[in-house]
Amino acid sequence: MPSVKGFFRSPGKSRQQAAAPPPPPHPLSLSLIDNLVYLRAQFSVSSDLTIREMEAGGCRLAIVTLEGMVDRHTIADAVLLPLSQTPDLGGAEALMDHVRDKVLAMVDLMQVVTMDEVISLVSSGFAAVLADGVGYALLGGFQNFMIRSVGEPSSEMTSRGSREGFTEAIRVNISMIRRRMKTPDLTFEMMSAGKTSQTAVCLCYMRGRVSERLLNDVRARIRKLPLDVVLESGYIQPFLENRRLSLFSSVGVTERPDTLCGKVAEGRIGVLVDGTPFVLVTPTLFVEHFQSMDDYAVHPYYASFLRIIKYVSFFVGMLLPGLYVAVGTFHPEMLPFTLMLSYLKSDLSTPFPLVMEALLIHFLFEIMREAGLRFPKAVGHAVSIVGALVIGESAVRAGLIGAPMVIIVALTAISSFVIPSLYGPVTLLRFGFILLGGTLGLYGVMIGLTLLLCSICAVHIQSIPFTAPVTPFSLKAMRDVLIRADWRELWKHPFLVQNVVGSHLKENQGGPDTTDPGEE
């Protein structure tokens, strides 16, 4: 009979204990036939595996590619034709030297000794040359797979600045960053994620500005990813965060190369994932959700005005429905007399309590938003029109929803769209404050807001306070928080994220002035 301790053992822990260590890499054999048999066994009946066997220089060799990943015409002209005209060189080693020096005379030439490397590179658009009697393979890049052209980013629109956005090809994204940061300190470190997908992941940072402790921590987290498949940067994002239950993500997302360059120059790390145009930025402070590239391209007075609008919109989108429900349910005397009469008229003409009415109409709005987002564009416009007419005007005329509540929903929705990166947390918090306002009144809203602020202040990102430089407070650092100072002041003290007040990663690593303005 098993012990009680063994009986209640966690299934996840048992699986981890029973997991076998990864198999050692399979070395290339001296026999060409054995190598080709192994490759065919690994790819099974996959029809895109192409193996071209031929005799050149008195030896048997094979060119291994994946159809659709390489340019077949270039391989025929640059590889197959020269090999077919190669004279007898006296052995397989001499033939491979000729292939390396004369045939595959390209920049991205690689020599590998394991079948795992061959499979990984062939799957990335390389052509592998294997010869009988040689224990290594030569690979050259002949990539020709289809990629989306560089276009304007869809989620971070600006009135000034670049119109370029990241694409799904990681190498194209790297080139767009390098074109803007012409310094050898800019470093791209390639890794892989996903045991099955072997997705290419690139860490982007600047030597001399990034914290070594922060860099080592991000490296370790990506290397320890337990995921089997990584298809989007969102798969990796939760593993870079410290607090799992927080509604606000401490890892930013951008699809603008200029935004990423600005973040990297401040000591942050960009995580590029092959197959997605959305790049992760860590660490990201809470106040950065209210900043955009436009803020740094326009006049500082107007930029400060835009910042204030964003902060006001954040609180309006989150608190306005809950405050309206709380005041209308428990404190109607706080309303002006004319507004109170309008509220009483709409309340008497609707069959639902105010809290149910608010929850219902906000839930319907989220349904319409999701439908308009997922439908094709032409149908999506029709859904928006039908929702505005039927759910709005018709519901008010039928007496199901009060007219003031429709205005509240409209103001809330518009305010929520001002800060796209916080739309998800604000939507969830909005429903929570509606419930608190409908059950406990203004006291419930104030208690919920206090708990929310305490929860945000308790978040740390790799030993950096999430709410810095507001808490811990830094007066001089506030010049780029609620307002935006002129560039003639901002350039004097370059900002490094690891040197904010309250950070445990403070370190002077040479380079530019790394003193935090709040510590002077």
Side-chain angles (χ1 to χ4, degrees), residues 210-211 213-214 217 237 240-253 262-263 266-269 281-292 295-296 303-304 306-319 322 415 418-419 421-426 428-430 432-433 436 443-485 489-490 493-508 514-520:
V210 67
S211 167
R213 289 175 55 189
L214 175 64
D217 181 71
Q237 185 172 355
L240 299 178
E241 298 175 347
N242 288 347
R243 195 174 181 123
R244 298 182 180 180
L245 301 180
S246 177
L247 285 175
F248 298 93
S249 175
S250 56
V251 178
V253 180
K263 301 296 184 184
E266 295 176 349
R268 307 171 204 272
I269 302 173
V281 181
T282 183
T284 295
L285 305 179
F286 179 72
V287 296
E288 292 177 319
H289 290 289
F290 303 90
Q291 301 172 359
S292 66
D295 296 350
Y296 301 96
S304 302
L306 293 178
R307 290 270 179 92
I308 295 173
I309 287 179
K310 291 176 184 177
Y311 281 100
V312 172
S313 299
F314 170 72
F315 287 103
V316 168
M318 181 175 58
L319 297 176
S415 301
V418 174
I419 316 169
S421 60
L422 292 180
Y423 184 85
V426 167
L428 296 177
L429 290 171
R430 184 188 308 144
F433 280 112
L436 288 174
Y443 299 104
V445 175
M446 293 300 106
I447 291 173
L449 183 60
T450 303
L451 293 177
L452 174 64
L453 294 177
C454 293
S455 173
I456 297 175
C457 292
V459 177
H460 278 68
I461 329 151
Q462 285 94 16
S463 302
I464 300 175
F466 184 45
T467 52
V470 179
T471 59
F473 183 72
S474 173
L475 180 60
K476 289 189 177 181
M478 295 297 291
R479 61 185 180 173
D480 195 21
V481 177
L482 185 61
I483 62 172
R484 201 271 286 177
E489 294 295 328
L490 289 178
H493 301 282
F495 173 79
L496 291 184
V497 67
Q498 66 265 23
N499 289 341
V500 297
V501 177
S503 169
H504 298 289
L505 294 178
K506 294 181 182 180
E507 51 191 75
N508 192 344
T514 59
T515 305
D516 178 54
E519 293 186 333
E520 295 182 355

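Just so you know, these numbers use all the heavy atoms, side chains as well, and skip hydrogens, waters and symmetry mates. Please read all numbers here as calculations on a predicted model, not as lab measurements.
- Remark: the backbone N or O of Ser463 is not paired with any side-chain donor or acceptor of Arg213 at under 3.5 angstrom.
- For the pair Gln291 (side chain) and Tyr296 (backbone), a donor-acceptor distance under 3.5 Å is absent.
- Ring pair Phe290/Tyr311 is parallel by interplanar angle, where below 30° counts as parallel and above 60° as perpendicular.
- Side chain of Arg484 to main chain of Asp295: a donor-acceptor pair is present (N/O by atom type, distance under 3.5 Å, no hydrogens or angles).
- Looking only at side-chain heavy atoms (C-beta outward), Val253 and Gln237 come within less than 4.5 Å of each other.
- In this structure the side chain of Pro469 reaches within 4.5 angstrom of the side chain of Val481, judged on heavy atoms.
- The environment of Phe473 atom CZ is dense: over 12 non-hydrogen atoms of other residues, nucleotides or ligands sit within 6.0 angstrom.
- A distance-only check finds no donor-acceptor pair linking the side chain of Ser455 to the backbone of Leu451 [under 3.5 Å].
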Report task. Start with the C-alpha gap between Phe248 and Ile456, add the side-chain angles, then the distance that decides, and say whether side-chain contact (heavy atoms from CB on, under 4.5 Å) holds. Result -> CA-CA 8 Å; Phe248 298 93; Ile456 297 175; 3.6 Å; yes
Requested in this report: Dump the intermediate steps for side-chain contact (heavy atoms from CB on, under 4.5 Å) on Ile447 and Leu436, then the final yes or no.
Outcome: CA-CA 9 Å; Ile447 291 173; Leu436 288 174; over 6 Å; no
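- A cation-pi arrangement is absent between Arg430 and Phe314, since the terminal nitrogen or guanidinium carbon is not both under 6.0 Å from the aromatic centre and inside a 45° cone about the axis.
- You'll find the side chain of Leu429 reaches within 4.5 Å of the side chain of Leu247, heavy atoms only.
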Query - Derivation of the side-chain contact (heavy atoms from CB on, under 4.5 Å) call for Ile461 and Val251 - result: CA-CA 8 Å; Ile461 329 151; Val251 178; 5.6 Å; no
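- Every residue meeting the side chain to side chain contact (heavy atoms under 4.5 Å, CB included) condition with Ile309, not counting sequence neighbours, appears here in chain and number order: Phe305, Ser313.
- Counting heavy atoms from C-beta on, the side chains of Ser246 and Glu241 never come closer than 4.5 Å.
- Inter-residue side-chain proximity for Glu288 and Val497 is flagged as unmet; no heavy-atom pair is nearer than 4.5 Å.
- Using a 4.5 Å cut-off on side-chain heavy atoms (C-beta onward), Ser421 and Ile419 make contact.
- Side chains of Asp480 and Arg307 form a contact here, defined as non-hydrogen atoms less than 4.5 Å apart.
- Formation of a donor-acceptor pair under 3.5 Å by the Ser250 side chain with backbone atoms of Thr284 is not found in this model.
- With sequence neighbours left out, the side chain to side chain contact (heavy atoms under 4.5 Å, CB included) criterion links Ile308 to Val312, Leu482.
- Pairs passing the salt bridge (charged side-chain N to carboxylate O under 4.0 Å, His left out) check and including a residue from residues 456-469, sequence neighbours excluded, do not occur.
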